[in-house]
Amino acid sequence: MPRPPTLRQKIEQRIARKKGEDVFLTREFKKLGGEDQVVRALRELVDDGRLVRLGYGVYGRAIVSRLNGKPMLYSRDGFAGVARQALDKLGVEWEPTEAERAYNEGRSTQVPVNPVVRVKSRFSRHLHYRNTELVLER
């Protein structure tokens, strides 16, 4: 008789099904088990290099680097895209900064280096990956 899948296996299956998403919130998995169990399973996935922790209750899809064998964020848009995806999932209203709009419209040649967004509503979490942090403008 086959064993039923563990909570970790259920979470991995759900992550695998969500192809277009690179950000996952703890609350997305709360129907699978208790909060402590889900957090423990997500922590194991972080330890195994399948996920990267970006902030409180926010995780990003990860792959293991071929160069150094360490997990790295897996996203076509990089950390800035993942951070914006996380803000959308958290229900935070945001918009690009004036500098980014000027670059996108061709009014400036300065490329914004740090991920910065203007937040329209209250938001106090810190989203970061390694030494890069999302900067919030009010």
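Sorted by first and then second residue, the salt bridge (Lys or Arg N to Asp or Glu O under 4.0 Å) pairs with a member in residues 126-138 read Arg118-Glu137; sequence neighbours excluded. Applying the side-chain hydrogen bond (donor to acceptor under 3.5 Å, both in side chains) rule to pairs touching residues 100-116 yields Arg84-Glu100, Glu98-Arg101, Glu98-Arg107, Glu105-Arg107, sequence neighbours excluded.
No salt bridge links Glu35 with Lys30; every basic N to acidic carboxylate O contact stays at or beyond 4.0 Å. Remark: Asp48 engages Arg8 in a salt bridge, criterion side-chain N to carboxylate O under 4.0 Å.
The number of heavy-atom neighbours closer than 6.0 Å to CD of Glu95, taken from other residues, nucleotides and ligands shown, is above 12. More than 12 heavy atoms of other residues, nucleotides or ligands lie within 6.0 Å of CZ in Phe123, so this atom counts as buried by the packing criterion.
Each of Val117, Val116, Val92 was checked for a side-chain contact (heavy atoms from CB on, under 4.5 Å) with Leu136, and the lone residue meeting it is Val117.
Taking each heavy atom of Ala62 and Gly49 in turn, the nearest pair found is CB-O, 3.6 Å. The shortest non-hydrogen separation linking Ala83 to Leu127 is O-CD1, 4.0 Å. Residues Leu134 and Pro115 come closest through the heavy atom pair CD1-O, 3.5 Å. Closest approach of Arg61 and Ile15 over heavy atoms only: NH2-O, 3.3 Å. Residues Asp22 and Ser75 share a closest heavy-atom pair of OD2-OG, 3.2 Å.
Under the 30°/60° scheme for interplanar angles, the aromatic rings of Tyr129 and Phe79 are found to lie parallel.
Rounded to the nearest 0.5 angstrom, Phe29 CZ and Leu7 CG are separated by 9.5 Å.
A single hydrophobic cluster is seen to contain both Val52 and Val58, as judged by linkage of ILVMFWY side chains at heavy-atom distances under 4.5 Å, directly or through other members.
Counting only distance, with no hydrogens or angles, the side chain of Lys70 and the backbone of Val64 share no donor-acceptor pair below 3.5 Å. Between the side chain of Gln85 and the backbone N or O of Val23, at least one donor-acceptor pair lies under 3.5 Å. Arg50 places no side-chain N or O within donor-acceptor distance of the main-chain N or O of Ile63, the cut-off being under 3.5 Å.
Contact check for Leu54 versus His128: no side-chain heavy atoms found under the 4.5 Å cut-off. With a 4.5 Å cut-off on side-chain heavy atoms, Asp77 and Val82 do not count as touching.
Annotation: side chain to side chain donor-acceptor pair (under 3.5 Å) contacts of Lys18 (sequence neighbours excluded): Glu28.
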